[in-house]
Enquirer: 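This is the structure I want to talk about, given as structure tokens.
Hydrogens, waters and symmetry mates play no part in the numbers below; they use all other heavy atoms, side chains included.
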Amino acid sequence: MNRSEHYDIAIAGAGFAGAITALVLKECGFNICLIEKGKHPRFAIGESSTPIADMILRSLSSKYNLPWLYDFSRYGSWQQAHPEIVCGIKRGFSYYKHYPGKAFSTDDNHINELLVAASVSDELSDTNWLRSDIDAFLVTKVREAGIGYFDGTEITSAIRENSKWEIAANYNNNNQTIHASFFIDATGSGILADKLFSVKSSAENFLTNSFAIFSHFDNLPRWTDILRQKNIATNDYPYDADNSALHHVLDEGWIWQLRFNNNRTSWGFVLNANNLSLQKMQTKEIWNMMREKYSDIDFILKDAMLSAQPGNIIRSGRLQRKLEKCFGDGWVAMPHTIGFVDPLFSTGIAYSLAGIERIAEILSGNRNFQQPLYDELQEYENIVTEELKLIDLLVAGCYKTMEHFQLFNAWSMLYFTFTIMYEQKRLKNLPVKYFLEADKAEVQQMAHSAYKDLLKLTQQETISQADISAFTDSVREKIKPYNIAGLMEPSFKNMYHHTVAVL
């Protein structure tokens with residue numbers, strides 16, 4: 001550490017968001033330092049990219065003179081430029097409904113399946129990021145850029161005087177001091193904001209209530225191979241479902257299954273915490289219970305071997321959280337630090353990248369960190385709050401439908417519609433302000449009116465097929481003016497071969 005050097009901006013947290021933020025702000029002309037409590041490579045989840053994330057990566061690459069960043073926006077270019085950095089093919093979103101005590105089954109209309117393609121080929125596909133690899137690589141780029149990088153360094157306190165920060169940190173039990181004018185919290189949790197600024201993080205006011213049990217495993221069998229063993233046809237699939245964000249939908253929640261190209265798979269149960277009996281169970285009990293209730297899940301996991309990293313099964317607390325304040329005198333938090341809902345729709349990477357765009361634009365236009373900056377940060381806080389509310393509503397609706405896959409299918413179309421609206425706006429180079437168009441009156445009206453209908457339906461003692469069909473028709477009619485991809489077209493039989501965005 002160089003005690004005499006004063007930085008314009010200090011960033012805490014060297015995950016991909018903190019590292020890319022540092023690189024972008026360096027290109028904006030700021031003197032930057034990046035502070036990391038741990039050391040890379042390190043285990044992390046939040047691995048599923050999307051077309052929106054790809055668009056933003058390309059935009060950041062072009063706007064901030066980071067040409068190498070473009071390579072990570074498609075599977076093909078990633079493999080060509082950096083085959084040593086592990087990732088996986090993500091052709092789209094795949095969902096399979098499992099019922100307790102029954103083997104997975106479906107029919108010619110794919111009644112228990114939903115596949116939504118997001119790309120036209122493997123080469124042009126999105127990616128699953130092995131975060132230990134990509135995060136470590138980005139830190140090498142931080143070092144190459146001459147950005148002050150301090151790892152193994154824990155921030156213990158921060159004092160602000162005369163519009164300057166004096167940040168106390170501990171490195172190998174030695175006290176260090178870092179001086180900066182402005183501070184960005186990119187740690188991805190509310191712990192540091194509480195420690196430094198007494199800003200609390202809370203799960204209050206969230207509709208979603210879930211927790212996760214997860215790890216990485218080696219050599220899990222491919223789901224499509226299991227389907228073939230069951231004589232379930234996959235010839236009309238838009239892609240190999242294992243090369244996607246694969247979701248197993250259960251009555252109690254859902255499973256993510258993200259495959260990488262080194263035979264490693266990220267696997268996680270995300271469970272409804274409103275089920276109090278689940279919350280009271282030990283992690284191993286839950287794991288074994290899910291295997292006992294769902295025979296095909298048991299088949300996948302029966303010979304599962306934990307990957308060396310992390311080497312154990314991890315259980316989260318409640319996933320939902322939001323800081324009570326997103327900024328203050330001399331500091332701001334990135335979106336992934338401000339709050340989180342649930343990984344169901346793979347919003348994490350894209351949302352973090354959208355936050356980098358915003359923060360870079362705000363700070364580059366307010367280099368002296370004076371009052372106009374705080375007016376813009378107040379607007380930023382308002383925007384992030386509304387976006388989290390919309391994501392929460394969309395995810396909460398899914399949890400209410402997991403016992404009835406036709407309802408789940410219909411409800412999820414709202415998310416895909418809003419995604420298409422946002423992507424089309426970016427493709428036309430129109431200004432975007434809110435993630436998933438959360439500021440649009442028509443988006444809010446669609447989401448809230450459909451949720452009201454869903455609540456009324458799911459509170460009934462029994463739900464008939466006529467009820468399900470009526471709700472499906474209602475959602476189809478709501479999205480009709482914006483549905484350029486043929487979502488909910490019966491002849492497609494839940495198999496969407498289109499590309500959501502032609503990139």
Side-chain angles (χ1 to χ4, degrees), residues 1-44 46 57 60-61 64-66 68-69 72 85 129 131-158 160 164-172 174-189 191-193 195-197 327 330-338 349 352-353 355-360 362-364 367 369:
M1 295 242 180
N2 186 344
R3 289 175 175 269
S4 64
E5 184 168 4
H6 177 92
Y7 297 96
D8 297 323
I9 302 171
I11 302 172
F16 79 87
I20 295 176
T21 300
L23 289 158
V24 165
L25 292 177
K26 171 74 173 179
E27 290 296 325
C28 291
F30 291 104
N31 185 17
I32 305 292
C33 74
L34 181 61
I35 308 164
E36 168 57 41
K37 181 179 179 180
K39 288 181 177 291
H40 288 285
R42 64 179 189 189
F43 174 78
L57 281 173
L60 293 172
S61 171
Y64 296 106
N65 191 32
L66 301 169
W68 53 268
L69 193 58
F72 296 100
I85 301 175
W129 296 10
R131 289 283 307 279
S132 57
D133 272 23
I134 185 64
D135 289 2
F137 170 82
L138 290 169
V139 164
T140 67
K141 288 296 186 181
V142 165
R143 293 180 184 273
E144 289 174 7
I147 294 168
Y149 179 64
F150 310 127
D151 66 357
T153 302
E154 181 177 5
I155 297 172
T156 54
S157 66
R160 187 160 177 82
K164 307 291 182 185
W165 284 110
E166 184 175 290
I167 302 167
N170 184 285
Y171 177 76
N172 284 345
N174 294 315
N175 294 325
Q176 305 287 342
T177 304
I178 302 168
H179 299 276
S181 296
F182 197 77
F183 182 84
I184 297 176
D185 186 348
T187 57
S189 83
I191 295 173
L192 190 61
K195 179 195 289 188
L196 300 186
F197 316 122
F327 73 97
W331 70 274
V332 69
M334 300 298 290
H336 66 297
T337 298
I338 293 167
I349 291 177
S352 293
L353 293 171
I356 294 171
E357 279 190 315
R358 289 178 187 149
I359 293 300
I362 291 171
L363 291 178
S364 60
R367 294 176 176 275
F369 308 113

Enquirer: With sequence neighbours left out, what residues match E166 under salt bridge (Lys or Arg N to Asp or Glu O under 4.0 Å)?
Expert: none
Enquirer: What distance do K37 atom NZ and T153 atom OG1 have between them, rounded to the nearest 0.5 Å?
Expert: 11.5 Å
Enquirer: Does any part of the side chain of L196, heavy atoms only, come nearer than 4.5 Å to the side chain of W165, both counted from C-beta?
Expert: no
Enquirer: Find the distance between NZ (K195) and CD1 (I155) and round it off to the nearest 0.5 Å.
Expert: 8.0 Å
Enquirer: Throw together a table of side-chain donor-acceptor distances under 3.5 angstrom for residues 18-34, partners on residues two or more places apart or in other chains.
Expert:
unit_1, atom_1, unit_2, atom_2, d
T21, OG1, A17, O, 2.6
N31, ND2, E5, OE2, 3.3
N31, ND2, H6, O, 3.2

Enquirer: Does anything in residues 134-143 form a salt bridge (Lys or Arg N to Asp or Glu O under 4.0 Å)? List the pairs, not counting sequence neighbours.
Expert: R131-D135, K141-E144, R143-D151
Enquirer: Considering only heavy atoms from C-beta outward, does the side chain of L138 approach that of I134 to under 4.5 Å?
Expert: yes
Enquirer: For W129, which residues count as a side chain to side chain donor-acceptor pair (under 3.5 Å) partner, sequence neighbours excluded?
Expert: T127
Enquirer: Kindly give the heavy-atom pair with the smallest separation between A10 and I167, and that separation in Å.
Expert: CB-CD1, 3.9 Å
Enquirer: Would you say the side-chain atoms of R358 pair up with the backbone N or O of L353, donor to acceptor, closer than 3.5 Å?
Expert: no
Enquirer: Can you name the closest pair of heavy atoms from S61 and L69 and give their distance?
Expert: CB-CB, 4.1 Å
Enquirer: Please confirm whether the ring centroid of F16 lies under 6.0 Å from the ring centroid of F72.
Expert: no
Enquirer: Among residues at least two apart in sequence or on other chains, which ones pass side-chain contact (heavy atoms from CB on, under 4.5 Å) with A186?
Expert: I11, M334, H336
Enquirer: In chain order, what residues pass the side-chain contact (heavy atoms from CB on, under 4.5 Å) check against N172, with sequence neighbours excluded?
Expert: N174
Enquirer: Output all residues satisfying side chain to side chain donor-acceptor pair (under 3.5 Å) with N65, sequence neighbours left out; order by chain, then residue number.
Expert: none
Enquirer: Y149: what forms a ring-ring contact (aromatic ring centres under 6.0 Å, His included) with it, not counting sequence neighbours?
Expert: none
Enquirer: Using side-chain contact (heavy atoms from CB on, under 4.5 Å) as the criterion, list what pairs up with A193, not counting sequence neighbours.
Expert: D185, F197, V199, L323
Enquirer: According to ring-ring contact (aromatic ring centres under 6.0 Å, His included), who are the partners of F327, at least two apart in sequence or on a separate chain?
Expert: none
Enquirer: Holding to side-chain contact (heavy atoms from CB on, under 4.5 Å), I want the full list of residues that pass it with S189, two or more places apart in sequence or in another chain.
Expert: T187, I191
Enquirer: Taking all heavy atoms of A12 and all of F183, pick out the closest pair and write down the distance.
Expert: CB-CZ, 3.6 Å
Enquirer: Tell me every residue that passes salt bridge (Lys or Arg N to Asp or Glu O under 4.0 Å) with K164, counting only those two or more places apart in sequence or in another chain.
Expert: none
Enquirer: Looking only at heavy atoms, what is the nearest atom pair of S181 and F369, with distance?
Expert: CB-CE1, 3.8 Å
